[in-house]
Amino acid sequence: MGFAEQRYNVNLSILFTELPLLERPAAAAASGFTAVELWWPWVDSPTPARSELDALRGSLEDAGVRLTGLNLYSGVLPGPDRGALSIPGVESERFRANIEVAAAFAESVGCTALNALYGNRVDGVDPAEQDALALDNLVAAARAADRIGAILLIEALNRVESPRYPLVSAPAAVGVVDRVDEASGLGNARFLMDLYHLSMNGEDLPRVITEYAGRTGHVQIADNPGRGAPGTGGLPLEDLLDQLAKAGYEGLVGLEYKPGDRPSAEAFAWLPREARADR
């Protein structure tokens, strides 16, 4: 099949970051993309002013691109944090306050996937306590997602870059998906399969695809080493995406890689322009 047979969105929290947030949707559109995704853009606020939400919505609409994936509040990302929902105290409270805000914004722009990063382990806190808190918060997020017709994504990161993050394998993340579905009774939790993170963990990617393609709600890619564009490292990403398609995955592939020492608009030479639209 090849890269050109897939459908893509571009992550505006790692690409086009040389531009202000509100200019990134238009830049993505100028590069041929019609779908984008975002980490929670306001790292210092789970509940930004309505004017800020309206401005982002307007920039998406003016650019003619769809927001297809949005992270829930995750603390300082990029930065030291890897989520907030399992962190007792203020951060968990900020996550809960964000759920309805993020869901309402997602509904207003037709976004149907919310990603909930689990959060780091905390010194002096029993992991079982964190896991119980996480489950409560994830069920609340799943219910909000269900109300707007969205799925809730659970992501595995990699232990090299996120040593305090507990979900550092596909089975660990899918286990949380199962627990959320069981507790909520909704069945709208899904695995976010980031091939870069899984490769950093040394997982057998063809086996992960075989076992979990049916549980996967979204796929993200970057090459390894370096987290650059396809072709800058050694991952057989074209073959892996072909395998995903043959396994029945029909969703978007998120481009979540670093552009390197060049403008983001120059980081897509591997992908024919006519293949960039969400068609």
| Modelled atom types, side-chain donor and acceptor of Gln243 and Thr210, under 3.5 Å | yes
| Closest contact, heavy atoms only, Val180 versus Ala189 | CG1-CB, 4.1 Å
| Atom pair CG (Asp136) and OG (Ser92), whose distance is rounded to the nearest 0.5 Å | 8.5 Å
| task | Scan side-chain atoms only and decide if Ser74 and Arg82 contain a donor-acceptor pair under the 3.5 Å cut-off. | result | no
| message | To the closest 0.5 Å, what do you measure between CG (Asp54) and OG (Ser108)? | response | 8.0 Å
| task | May I ask you to test the Ile151-Thr112 pair for a side-chain heavy-atom distance under 4.5 Å? | result | no
| request: List the atom of Leu198, the atom of Ser169, and the distance in Å for their closest heavy-atom pair. | output: CD2-C, 4.4 Å
| Whether Arg276 side chain and Phe268 backbone form a donor-acceptor pair below 3.5 Å | yes
| Quick check: does any side chain N or O of Asn137 sit under 3.5 Å from a backbone N or O of Leu85, one acting as donor and the other as acceptor? | yes
| message | Counting C-beta onward and ignoring hydrogens, is there a side-chain heavy-atom pair between Ile87 and Gln130 closer than 4.5 Å? | response | yes
| task | Carefully, step by step, assess Leu167 and Leu157 under the rule side chain to side chain contact (heavy atoms under 4.5 Å, CB included). | result | CA-CA 6 Å; Leu167 308 185; Leu157 301 183; over 6 Å; no
| task | Would you kindly confirm whether Leu192 and Leu152 end up in one hydrophobic cluster when ILVMFWY residues are joined by side chain heavy atoms under 4.5 Å apart? | result | no
| request: Starting from the C-alpha separation in whole Å, work towards a yes-or-no answer on side chain to side chain contact (heavy atoms under 4.5 Å, CB included) for Asp181 and Leu186. | output: CA-CA 6 Å; Asp181 279 346; Leu186 297 171; 5.7 Å; no
| request: Say whether, by atom type as modelled, one donor and one acceptor occur between the side chain of Asn201 and the main chain of Glu203 under 3.5 angstrom. | output: no
| request: Indicate the atoms forming the closest heavy-atom contact of Trp40 with Pro46, along with that distance. | output: CZ2-O, 3.6 Å
| message | Can you confirm whether the side chains of Ser264 and Glu18 place a donor and an acceptor under 3.5 Å from each other? | response | yes
| query | Would you say Trp42's side chain and Leu53's backbone share a donor-acceptor pair under 3.5 angstrom? | reply | no
| said: To the closest 0.5 Å, what do you measure between CG (Leu135) and CD (Glu182)? | reply: 9.0 Å
| field | hydrophobic_cluster_shared for Leu237 and Leu252, side chain cutoff 4.5 Å | value | no
| Is the closest side-chain donor-acceptor distance between Tyr73 and Arg94 under 3.5 Å? | yes
| request: Look at the side-chain heavy atoms of Ile, Leu, Val, Met, Phe, Trp and Tyr, link any pair under 4.5 Å apart, and say whether Leu114 and Phe105 land in one connected group. | output: yes
| query | Do Phe16 and Pro263 come close enough that some side-chain heavy atom pair is under 4.5 Å? | reply | no
| said: Do Val168 and Pro166 make a side-chain contact, defined as non-hydrogen atoms from C-beta onward lying under 4.5 Å apart? | reply: no
| request: Establish whether Tyr118 and Val139 are linked, either directly or via other cluster members, by ILVMFWY side-chain heavy-atom contacts under 4.5 Å. | output: yes
| message | Less than 4.5 Å apart, side chain to side chain, heavy atoms only: is that true for Phe95 and Leu72? | response | yes
| request: Could you tell me whether the side chains of Gln6 and Tyr249 share a donor-acceptor contact shorter than 3.5 Å? | output: no
| Is there side-chain contact between Ile154 and Leu138, with heavy atoms separated by less than 4.5 Å? | yes
| query | Short question: side chain of Thr216, backbone of Tyr212 - any donor-acceptor pair under 3.5 Å? | reply | yes
| Between Asn98 and Thr47, is any side-chain donor less than 3.5 angstrom from a side-chain acceptor? | no
| message | Are Tyr8 and Phe3, when compared by the centres of their aromatic rings, separated by less than 6.0 Å? | response | no
| message | Please check: side-chain N/O of Asn188 versus main-chain N/O of Ala142, any donor-acceptor pairing under 3.5 Å? | response | yes
| Reported CE-to-CD1 distance for the pair Met193 and Ile221, which is rounded to 0.5 angstrom | 13.0 Å
| query | Distance only, no hydrogens: is a donor on one side chain within 3.5 Å (strictly under) of an acceptor on the other, for Ser199 and Asn224? | reply | yes
| Glu256 and Trp39 side chains, donor-acceptor separation under 3.5 Å | yes
| Audit row: Asn9, Val36, side chain to side chain contact (heavy atoms under 4.5 Å, CB included) steps and yes/no | CA-CA 5 Å; Asn9 66 2; Val36 299; 5.5 Å; no
| task | Indicate yes or no: does Arg164 engage Asp81 in a salt bridge with an N to O separation below 4.0 Å. | result | no
| Non-hydrogen atoms of Leu70 and Cys111 that approach each other most closely | N-SG, 3.8 Å
| query | Hey, is the main chain of Leu12 close enough, under 3.5 Å, to the side chain of Arg24 for a donor-acceptor pair? | reply | yes
| task | Would you please say whether a donor-acceptor pair under 3.5 Å links the side chains of His218 and Glu155? | result | no
| query | So, does Asp278 use its side chain to make a donor-acceptor pair with the main chain of Ala35 at under 3.5 Å? | reply | no
| message | Quick check for you: to the nearest 0.5 Å, what is the distance between Glu52 atom CD and Ser45 atom OG? | response | 7.0 Å
| request: Using a strict 4.0 Å threshold on nitrogen-to-oxygen distance, state whether Arg179 and Asp131 make a salt bridge. | output: no
| task | Write down the atom of Asn120, the atom of Pro80, and the distance for their closest heavy-atom approach. | result | ND2-O, 3.3 Å
| said: Using the rule given for side chain to side chain contact (heavy atoms under 4.5 Å, CB included), can you reason through Tyr165 versus Asn158, listing the C-alpha separation, both sets of side-chain angles and the distance that settles it, and then say yes or no? | reply: CA-CA 8 Å; Tyr165 191 82; Asn158 75 77; over 6 Å; no
| query | Between the main-chain N or O of His197 and the side-chain N or O of Gln220, is there a donor-acceptor pair closer than 3.5 Å? | reply | no
| said: Quick one, Val109 and Arg66 - any side-chain contact, counting heavy atoms below 4.5 Å? | reply: no
| query | Out of curiosity, Thr232 OG1 to Asp223 CG, how far, rounded to the nearest 0.5 Å? | reply | 4.5 Å
| task | Report whether Leu117 and Val125 are members of the same hydrophobic cluster (ILVMFWY, side-chain heavy atoms less than 4.5 Å apart, transitive linking). | result | no
| message | Any salt bridge linking Glu61 with Arg57? Criterion: basic side-chain nitrogen under 4.0 Å from a carboxylate oxygen. | response | no
| Any side-chain heavy atom of Pro127 within less than 4.5 Å of one from Arg121? | yes
| query | Quick one: do the Asn115 and Asn71 side chains pair a donor with an acceptor below 3.5 Å? | reply | yes
| query | Hey, is the main chain of Glu266 close enough, under 3.5 Å, to the side chain of Arg262 for a donor-acceptor pair? | reply | yes
| field | Over all atoms of both residues, closest heavy-atom pair of Tyr257 and Leu15 | value | O-CG, 3.3 Å
